[in-house]
Amino acid sequence: MNISKKGQVLLFPPPDLNDYLIVVSPPIEIKKETKKLNAKLNKMIGSEGNHNAHISMFSQAWEKDNHLLERLKKAIADVNSFPIIINGVDVFSHGTKKKTVYLKVENPKPIQQLYEACKSELKLKKEFVPHLTIEKNIPVTDFEKIQNDLSIFNYQCEWVCDRITVLKFNKKSNSYKLVEEILLK
């Protein structure tokens, strides 16, 4: 018997939903450089990380690829390509237990406008701070090993954002797979 979260009996089972991640991906040469930063950080803290550089905009669950893709294409139909400038390193704190080291977006407004276009169409509620993660969820005890020398992770680059990337989570491989890249104007 299917029961809803509110304890109601459901006549039809809920649809199977897929988890999607919508990102802005930098060019391959920038991915290679940020992978080096990730490897350096993980060597310093004695961990193994393998972060694929991107700017996460949002994640959302949908039943079918085409439903999400149609909504995204409608949302960004009038959005033009724009430059992204990365300059500087900073840290997010996740309570008292974990930290994320990231590269700062020097010109966040165009990415925020892209997110806002998606937000209204897809009814997103989360706030968005554009950033390019080097490593996330670092335990504070490990972070203390690098906190006094974050400048070694500083990186400057620039590219033209001309697309968003739609990824779908594959439960069997426990990883995201490319669904489509949607071009901007």
Side-chain angles (χ1 to χ4, degrees), residues 4-7 14 16-26 30-62 68 72 84-157 161 164-177:
S4 74
K5 291 180 182 178
K6 296 180 181 180
D16 287 332
L17 297 177
N18 299 297
D19 292 323
Y20 294 88
L21 179 62
I22 314 309
V23 303
V24 172
S25 292
I30 294 172
K31 287 183 180 185
K32 287 178 183 177
E33 290 302 314
T34 56
K35 193 176 250 347
K36 290 176 188 175
L37 293 174
N38 176 271
K40 182 189 295 187
L41 185 148
N42 280 292
K43 184 175 182 183
M44 291 173 71
I45 65 173
S47 179
E48 290 184 33
N50 190 18
H51 187 73
N52 193 2
H54 62 274
I55 298 171
S56 297
M57 290 201 330
F58 62 92
S59 59
Q60 200 166 52
W62 284 79
L68 174 61
L72 283 170
I84 294 178
I85 302 167
I86 301 293
N87 186 14
V89 64
D90 209 345
V91 177
F92 287 130
S93 291
H94 308 291
T96 59
K97 303 213 186 271
K98 298 200 183 236
K99 306 270 187 184
T100 293
V101 176
Y102 68 92
L103 296 171
K104 296 189 286 188
V105 176
E106 194 171 278
N107 61 330
K109 194 169 185 171
I111 302 172
Q112 288 169 323
Q113 290 171 333
L114 176 62
Y115 174 78
E116 289 298 321
C118 295
K119 183 177 180 178
S120 60
E121 178 65 29
L122 299 170
K123 314 252 185 295
L124 304 172
K125 294 181 170 96
K126 185 178 163 191
E127 291 304 310
F128 172 59
V129 177
H131 64 281
L132 199 151
T133 301
I134 296 174
E135 185 62 59
K136 63 182 180 176
N137 296 324
I138 303 167
V140 170
T141 52
D142 288 340
F143 178 76
E144 290 170 352
K145 299 173 187 174
I146 62 167
Q147 71 183 357
N148 294 327
D149 203 10
L150 286 177
S151 64
I152 64 172
F153 302 108
N154 192 12
Y155 178 62
Q156 297 175 339
C157 64
C161 176
I164 62 171
T165 303
V166 180
L167 305 168
K168 180 178 178 178
F169 188 72
N170 182 313
K171 292 175 186 164
K172 289 180 185 174
S173 67
N174 196 33
S175 63
Y176 283 95
K177 303 294 179 195

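Proximity of Lys119 to Glu127: side-chain heavy atoms (C-beta onward) are separated by under 4.5 Å at one or more points. Between Phe169 and Asn174 the shortest side-chain heavy-atom distance falls below 4.5 Å.
To the nearest 0.5 Å, atoms CD1 (Ile30) and NE2 (His54) are separated by 14.5 Å. Rounding to the nearest 0.5 angstrom, the gap separating the CD1 atom in Ile45 from the CD1 atom in Ile146 is 6.0 Å. The distance from atom CG of Leu68 to atom NZ of Lys168, rounded to the nearest 0.5 Å, is 10.0 Å. A distance of 6.0 Å separates CG in Leu132 from OG1 in Thr34, rounded to the nearest 0.5 Å. Rounding to the nearest 0.5 Å places CG of Asn52 at 10.0 Å from CG of Asn38. For the atom pair Met57 CE and Thr165 OG1, the distance stands at 9.5 Å (nearest 0.5 Å).
When all heavy atoms of Val89 and Leu150 are compared, the closest pair comes out as CG1-O, 3.4 Å. Nearest heavy atoms, Ala61 versus Asp19: CB-OD1, 3.8 Å. For Pro130 against Ile55, the heavy-atom pair with the smallest separation is CA-CG2, 4.4 Å. Between Ala53 and Lys31, the closest heavy-atom pair is O-CE, 3.7 Å. Val23 and Ser56 get closest at one heavy-atom pair: CG1-CA, 4.0 Å.
With sequence neighbours left out, Gln60 forms a side-chain hydrogen bond (donor to acceptor under 3.5 Å, both in side chains) with Trp62. Residues meeting the side-chain hydrogen bond (donor to acceptor under 3.5 Å, both in side chains) test with Gln156, sequence neighbours left out: Asn87.
Every pair passing salt bridge (Lys or Arg N to Asp or Glu O under 4.0 Å) that includes a residue from residues 140-154 is listed here, sequence neighbours excluded: Asp142-Lys145. For residues 85-100, no residue pair satisfies the salt bridge (Lys or Arg N to Asp or Glu O under 4.0 Å) rule, not counting sequence neighbours. The salt bridge (Lys or Arg N to Asp or Glu O under 4.0 Å) contacts involving residues 102-118 comprise nothing, where partners must be two or more places apart or lie in separate chains. The ring pair (Phe, Tyr, Trp, His ring centres under 6.0 Å) contacts involving residues 100-121 comprise Phe92-Tyr102, Tyr102-His131, Tyr115-Phe128, where partners must be two or more places apart or lie in separate chains.
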(message) Show, in sequence, the C-alpha distance, side-chain angles and deciding distance for Ile22 and Leu122, and conclude whether the side chain to side chain contact (heavy atoms under 4.5 Å, CB included) test is met.
(response) CA-CA 12 Å; Ile22 314 309; Leu122 299 170; 5.9 Å; no
(request) Take Lys40 and Glu135 through the salt bridge (Lys or Arg N to Asp or Glu O under 4.0 Å) test and state the conclusion after the steps. (result) CA-CA 11 Å; Lys40 182 189 295 187; Glu135 185 62 59; over 6 Å; no
(message) For Phe143 and Val91: C-alpha separation, side-chain torsions, deciding distance, then whether side chain to side chain contact (heavy atoms under 4.5 Å, CB included) applies.
(response) CA-CA 10 Å; Phe143 178 76; Val91 177; 3.7 Å; yes
(request) With side chain to side chain contact (heavy atoms under 4.5 Å, CB included) as the test, would you mind laying out the steps for Leu103 and Leu37 before giving the verdict? (result) CA-CA 10 Å; Leu103 296 171; Leu37 293 174; 4.2 Å; yes
(message) Is there a side chain to side chain contact (heavy atoms under 4.5 Å, CB included) between Lys36 and Tyr155? Walk through the geometry before answering.
(response) CA-CA 11 Å; Lys36 290 176 188 175; Tyr155 178 62; over 6 Å; no
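Counting heavy-atom neighbours within 6.0 Å of Lys136 NZ, excluding the residue itself, gives a total of 12 or less.
The main-chain N or O of Tyr176 is never found under 3.5 Å from a side-chain atom of Asn170 such that the two would form a donor-acceptor pair.
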